[in-house]
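Beneath this line is the structure, given in C-alpha cells, with notes to follow.
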Amino acid sequence: SNELSYGIERLVNAQEMHRLARTNVLSGLPSRLQFEEEIAALAASDARGTVLLININRFDEISSAYGNAAAVGLMRHIAQRLRSVVAESMLLAHVGVGRFAVFLPAHGTQTAAEFIHETAVPMLQGAYQVKEHKIWCTINAGAASLPDDGTTADELLVKAWDALAAARDLDLRFGQYDRAADRVVARQISLEVE
C-alpha cells in the first residue's frame with residue numbers, strides 16, 4: 001500500500017538524518033555528536049587520555065577572502081591530512097567551523113604535546129592548494145585530560161579551548177589545561193567580585 005511505502009521512506013530518511021548527524025557533512029569526519037557519545041562511553045569505561053582541540057586560525061577570514069567553496073575545500077584537505085595521522089586507537093572529529101578534536105589514549109606512543117608539535121603542526125601548517133587558490137594556514141591546539149579535567153566532551157572541549165586561548169596569548173602553538181592555574185584565576189575573579 002501507499003501508506004506502507006511512505007512509512008518505510010520516512011524511516012529510511014530518519015535513519016539517514018541520524019547518520020548524518022554523526023558525520024560532519026562538510027568534511028565527512030565524525031561530528032561533535034559522535035565525539036560526545038564516544039567520550040561518554042570512554043568515561044563510563046574508566047578510560048584515561050587527552051582531548052585535543054585543534055583550531056585552524058582565522059578560518060572566518062579565509063572564508064570571506066576566498067569564498068565559501070574554497071573554505072569547504074580547505075576543510076576537506078585538512079580533514080584528509082588529519083585522517084592520515086590519527087591512529088586507529090585515537091578518535092577524530094570535526095567539532096566546529098575550523099575546529100577538530102582528537103582523543104589520545106593514555107597509553108599512546110606520543111604525549112599530547114608531542115602529537116601536536118611532531119605530527120599535527122608539520123602536517124597541517126603551511127600552504128594548501130584549493131582550486132586556484134593557495135591558502136596559508138596556521139593552527140593552535142589545547143588539551144584537557146580525561147577524567148581529571150572532565151568526563152564529558154563538553155567539559156573537556158571547553159577546557160581545551162581555554163588552554164588553547166591561553167597558549168595563543170603567549171604566542172605558543174599548544175597549551176595543556178592547568179587545573180591549578182584555573183583555580184588561581186577563579187579565585188582572582190571571586191576576590192574582584194567581593
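Positions are given from 1 along the sequence.
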- Query: If you measure from CG on N140 to CG on D171, what distance do you get to the nearest 0.5 Å?
  - Reply: 9.0 Å
- When rounded to the nearest 0.5 Å, the distance separating CZ of R83 from CZ of F100 is 10.5 Å
- Note on the structure: Heavy atoms of P122 and H117 approach each other most closely as CD-O, 3.2 Å
- State plainly whether one hydrophobic cluster holds both I56 and W136, where clusters connect Ile, Leu, Val, Met, Phe, Trp and Tyr through side-chain heavy atoms under 4.5 angstrom apart. no
- Query: So, N24 versus S31: side-chain donor-acceptor pair below 3.5 Å or not?
  - Reply: no
- Note on the structure: Here the pair of heavy atoms bringing R76 nearest to L26 is NE-O, 2.6 Å
- Query: Below 4.5 Å, heavy atoms only, C-beta onward: do D60 and V97 meet side chain to side chain?
  - Reply: no
- Item | Single-linkage hydrophobic cluster L52~L164, side-chain heavy atoms < 4.5 angstrom | no
- Query: Who pairs with A93 by side chain to side chain contact (heavy atoms under 4.5 Å, CB included), at least two apart in sequence or on another chain?
  - Reply: P30, F35, V95
- Message: One thing to verify: whether K159 and D148 come together as a salt bridge, which I'm taking to mean a side-chain N less than 4.0 angstrom from a carboxylate O.
- Response: no
- Task: State the OG1-CZ distance between T109 and F115, to the nearest 0.5 angstrom.
- Result: 9.5 Å
- Looking at M123 and S84, what are the two nearest heavy atoms and their distance? CE-OG, 3.6 Å
- Is it true that V130 and L82 fall in one hydrophobic cluster, defined by side-chain heavy atoms closer than 4.5 Å? yes
- Here the pair of heavy atoms bringing G98 nearest to M75 is N-SD, 3.7 Å
- Task: Go through the steps to decide whether I62 and C137 satisfy the test side-chain contact (heavy atoms from CB on, under 4.5 Å), and finish with yes or no.
- Result: CA-CA 9 Å; I62 290 169; C137 285; 4.1 Å; yes
- F103 vs T50, side-chain contact (heavy atoms from CB on, under 4.5 Å): CA-CA, chis, key distance, verdict: CA-CA 6 Å; F103 176 77; T50 307; 5.9 Å; no
- Item | Lys/Arg cation over aromatic F174: R168, 6.0 Å, 45° cone | no
- Message: Any heavy-atom pair between the side chains of L42 and P105 that's under 4.5 Å?
- Response: no
- Side chains of T119 and Q110: donor-acceptor distance under 3.5 Å anywhere? yes
- Approximate separation, where rounding is to 0.5 Å, of I78 CD1 and F59 CZ: 6.0 Å
- Message: Rounded at 0.5 Å granularity, tell me how far CG in L91 sits from CD in E38.
- Response: 4.5 Å
- Message: Treating Q176 as the side-chain partner and A163 as the backbone partner, does any N or O pair qualify as donor plus acceptor under 3.5 Å?
- Response: no
- Of all the heavy-atom pairs spanning S145 and L156, show the shortest one and how long it is. O-CD2, 3.3 Å
- Query: What do the steps show when you test E36 against T152 for side chain to side chain donor-acceptor pair (under 3.5 Å), and what is the final call?
  - Reply: CA-CA 7 Å; E36 284 168 7; T152 67; over 6 Å; no
- Message: Under the rule for side chain to side chain contact (heavy atoms under 4.5 Å, CB included), what residues qualify as partners of R58, not counting sequence neighbours?
- Response: E61
- N/O donor-acceptor pair under 3.5 Å between E155 side chain and T151 backbone: yes
- Message: Donor-acceptor check, side chain of R22 to backbone of L33, threshold 3.5 angstrom: yes or no?
- Response: no
- Decide yes or no on side-chain contact (heavy atoms from CB on, under 4.5 Å) for W161 and R99, but give the supporting numbers first. CA-CA 10 Å; W161 180 258; R99 287 180 196 172; 3.3 Å; yes
- Task: Begin from the C-alpha positions of Y128 and R81 and carry the test side-chain contact (heavy atoms from CB on, under 4.5 Å) through to its verdict.
- Result: CA-CA 11 Å; Y128 290 79; R81 289 190 191 184; 3.3 Å; yes
- Check the hydrophobic clustering (I, L, V, M, F, W, Y; side-chain heavy atoms under 4.5 Å; chains of links allowed) and say if I54 and M90 are grouped together. yes
- Heavy-atom donor-acceptor pair, R48 side chain to L146 backbone, under 3.5 Å: no
- Task: Taking all non-hydrogen atoms of both residues into account, name the closest pair between A47 and P147 and its distance.
- Result: O-CD, 4.1 Å
- Would you mind reporting whether T23 and L29 have side-chain heavy atoms less than 4.5 Å apart? no
- Can you find a pair of side-chain heavy atoms, one from T111 and one from L104, that are under 4.5 Å apart? no
- Item | S27 side, atom OG; H77 side, atom NE2 - distance, nearest 0.5 Å | 13.0 Å
- Do you reckon L92 sits in the same ILVMFWY cluster as L74, going by side-chain contacts under 4.5 Å, direct or chained? yes
